[in-house]
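Here the structure is laid out as structure tokens; the discussion comes afterwards.
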Amino acid sequence: MKHAELINQFREELSALSREVELSVAMSHFDINKICEDVVCGIFKELYGLAALRNLNEEERQNFPGIDLADDDARVAIQVTSDKSLDKIKDGLQKIIKHGLHEKYDRVIFYVLTRKQGSYSADSLRKVCGENIAFNASLDVLDFTDLATKSATASPQSLRKAVDILGSYMRGCGVGLAVQDFDPPSEPPETLTANLLELYFPQTLYIAELLPEVFDGKKVRNQRKAVGGYVRNIERSVPSDYEVSGGRLITFHNLEERDNPFAFLVDEGTVEPFSPSDFYNIDADHERIFKSLLRFGLQQKLYKHRVLWKHKEGLFIFLPIRDSDDLRTETWIGQKKASRTVFHRKYKDREPDKVLSTRHFAFSAGFLVVDDQWYVSITPDWFFSYGDDYRRSAFGDVPLSGLKRMEKNRSVFDQFRFLCSWLNDLDSEDLFSLDAATTPMLTFGSVLELGGAPHLNEEFWEPLVVADDDDSDQGRLGLR
């Protein structure tokens, strides 16, 4: 039946758009949110009968407060967002009330471009809305699954138009005007490389109640910090790859073993093994805690290899192998064996005992799951420091700005390739380390590549040339 085919096509196009938004946001490409406002506007017009729905950011003014779309006749307002968090919903409602928009619109909808949370705190939303807005998160926070459900009851005419709208935006031109609508593509599809590296972790998560003396019977806001303070007070030490939530310690270390490093902190009778997916799939809070545990696991792993986490800047920075070293280079294999400078301390020409600058290769890392596979998103960066503890230099912005201006596609791509190669080499090194058998490790797989992308005319783009000599850009950027 043609109608069933239309429903399936709509669901697949919408799901593809959701994945594209998720990946774009992970890569800090937020322009797609603005593009999606028009897509969502067209779909809601067709499926919800909001004939007068319009994009306020285009027709009223940019960054319209609190809402993006509105149908003044139906008195419905819609906020389009890729942020699914409760804080985002609360913030949007507060802006709507602040600007008096609740007097103009009877219903407010939040449409989440990725996937909404499993639930939202009704008490928190009630406190924000008061008597101003009748807001029900279960009905008024929607995502692509709700639109897919709605499509099942839409008329064939409306559904056809909604599918055409999605097709037009996904292909960048009107339906019937794309090359593939007339002839097979003349060029083979291209493969796109995302800045996402497969991430693997132990298959068992252990959770146990902390002993009462750890918190000394007090209510503690930052429980992980309190655990650290307790450990230092009794002059003990623990690995840093753990999280604390609700008075429970969460880690990949086997807490059922008597000699585990947290044995003196937890009640051994309360230890429970969990499948990681059973934990992070509970709700958004548990996923956030799991991501935090992954970050602490990565910090623990990289610290052993002289890469330090700078919390305030959100960066991992390379340190010298020995603090007295002025230079650190790492060998890696891309297409050829090459070396990369990841730490360089320079001295003043006229005062050779005084440091001129200290430059660290650096990167930020985020964690996300796509189709049940976890990835770490890697964004290369630089960091300039001073002092023995590598504090951020107040004068680092100038050379950092200069480096950013000189870096082109090739440079950033090579930096990403280097980091992936270096991280994979660590897995081999850790595998044969002395504590490999007792220490749970994060390990890395392949870079995510997306096949079947349309061919890009290189005349309109800066070619991503792969030079014969790997890391040749280091010399061009003055990093050797």
Q: Using a strict 4.0 Å threshold on nitrogen-to-oxygen distance, state whether R392 and D397 make a salt bridge.
A: yes
Q. Y111 pairs by side-chain contact (heavy atoms from CB on, under 4.5 Å) with which of I43, L147, V141?
A. L147
Q | Pairwise side-chain contact, L265 with Y230, heavy-atom cut-off 4.5 Å (strictly under) | A | yes
**Q.** Heavy-atom donor-acceptor pair, N195 side chain to I378 backbone, under 3.5 Å
**A.** yes
(Q) Less than 4.5 Å apart, side chain to side chain, heavy atoms only: is that true for D381 and T379? (A) no
Q.
Counting only heavy atoms from other residues, nucleotides and ligands, does the tally under 6.0 Å from CD of E449 exceed 12?
A. yes
Q.
Is any side-chain heavy atom of Y347 closer than 4.5 Å to one of V355?
A. yes
(Q) If you define the side chain from C-beta out and look only at heavy atoms, does anything of L426 sit under 4.5 Å from L302? (A) yes
Q.
Donor-acceptor pair, distance only, cut-off 3.5 Å: does the side chain of E198 make one with the backbone of S446?
A. yes
Q: To the nearest 0.5 Å, tell me how far K310 NZ sits from R391 CZ.
A: 8.5 Å
(Q) Assess, by modelled atom type and distance only, whether the side chains of D87 and S85 contain a donor and an acceptor separated by less than 3.5 Å. (A) no
Q: Would you check if the side chain of R115 reaches a backbone N or O of K84 as a donor-acceptor pair within less than 3.5 Å?
A: no
**Q.** Check against ring pair (Phe, Tyr, Trp, His ring centres under 6.0 Å), W374 and Y280
**A.** CA-CA 11 Å; W374 278 88; Y280 63 69; 5.1 Å; yes
Q | Heavy-atom closest contact (I250 atom, L293 atom, distance) | A | O-CD1, 3.7 Å
Q | Minimum heavy-atom distance R224-E243, with the two atoms named | A | CD-OE1, 3.9 Å
Q: Could you tell me whether D349 atom CG has more than 12 heavy atoms of other residues or ligands within 6.0 Å of it?
A: no
(Q) Looking at D283 and G118, would you say the former's side chain and the latter's main chain have a donor-acceptor pair under 3.5 Å? (A) no
Q: Enter the distance from L319:CG to D389:CG here, rounded to the nearest 0.5 Å.
A: 11.0 Å
**Q.** Heavy-atom closest pair, residues L419 and P380
**A.** CD1-CG, 4.2 Å
Q: Could you tell me whether a side-chain N or O of D241 sits under 3.5 Å from a main-chain N or O of Q300, the two making a donor and an acceptor?
A: no
Q) Which pair of heavy atoms, one from L17 and one from C36, lies closest together, and at what distance? A) CD1-SG, 4.0 Å
Q) What heavy-atom pair brings L298 and F444 nearest, and what distance separates the two atoms? A) CD1-CZ, 3.7 Å
Q: May I ask you to check whether F290 and F201 place their ring centres under 6.0 Å from each other?
A: yes
(Q) To the closest 0.5 Å, what do you measure between CG (L192) and CG (L448)? (A) 10.0 Å
Q) Can you name the one residue among S393, S385, P320 that meets side-chain contact (heavy atoms from CB on, under 4.5 Å) with T358? A) S385
Q. What orientation do F318 and F363 show, parallel under 30°, tilted 30 to 60°, or perpendicular over 60°?
A. tilted
**Q.** Side-chain touch R11/F144, heavy atoms, less than 4.5 angstrom
**A.** no
(Q) Side chains of L308 and Y303, heavy atoms from C-beta outward: is any pair under 4.5 Å? (A) yes
(Q) Determine whether V220 and V227 satisfy the following criterion, side chain to side chain contact (heavy atoms under 4.5 Å, CB included), listing intermediate values before the conclusion. (A) CA-CA 10 Å; V220 178; V227 169; over 6 Å; no
Q.
To the nearest 0.5 Å, what is the distance between CZ on F361 and CH2 on W382?
A. 5.5 Å
Q. Between CZ of R61 and CG of L56, what distance do you get to the nearest 0.5 Å?
A. 10.0 Å
Q. Got more than 12 heavy atoms from elsewhere within 6.0 Å of CZ, R248?
A. no
Q | Side-chain donor/acceptor of T329 to backbone N/O of S339, under 3.5 Å | A | no
(Q) Quick check: closest heavy atoms across F264 and L211, and the distance to 0.1 Å? (A) O-CD1, 3.5 Å
Q) Under 4.5 Å between any side-chain heavy atoms of F110 and L93, yes or no? A) yes
(Q) Angle between ring planes, F262 versus H253, binned at 30° and 60°: parallel, tilted or perpendicular? (A) perpendicular
Q. Would the number of heavy atoms belonging to other residues, nucleotides or ligands and lying under 6.0 Å from CG of N222 be above 12?
A. yes
(Q) Let me confirm one number: the OG1-CZ distance from T331 to R340, rounded to the nearest 0.5 Å. (A) 12.0 Å
Q. Are D323 and R306 close enough for a salt bridge, meaning some N to O gap below 4.0 Å?
A. yes
Q) Under the ring pair (Phe, Tyr, Trp, His ring centres under 6.0 Å) criterion, do F343 and H360 qualify, and how do the steps go? A) CA-CA 5 Å; F343 174 86; H360 310 251; 5.1 Å; yes
Q. Any donor-acceptor pair under 3.5 Å linking the side chain of Q117 with the backbone of S119?
A. yes
Q. With distance as the sole criterion, is a donor-acceptor pair present between the side chains of N254 and N260 under 3.5 Å?
A. no
Q: Could you tell me whether the side chain of F64 reaches within less than 4.5 Å of the side chain of Q79, counting heavy atoms only?
A: no
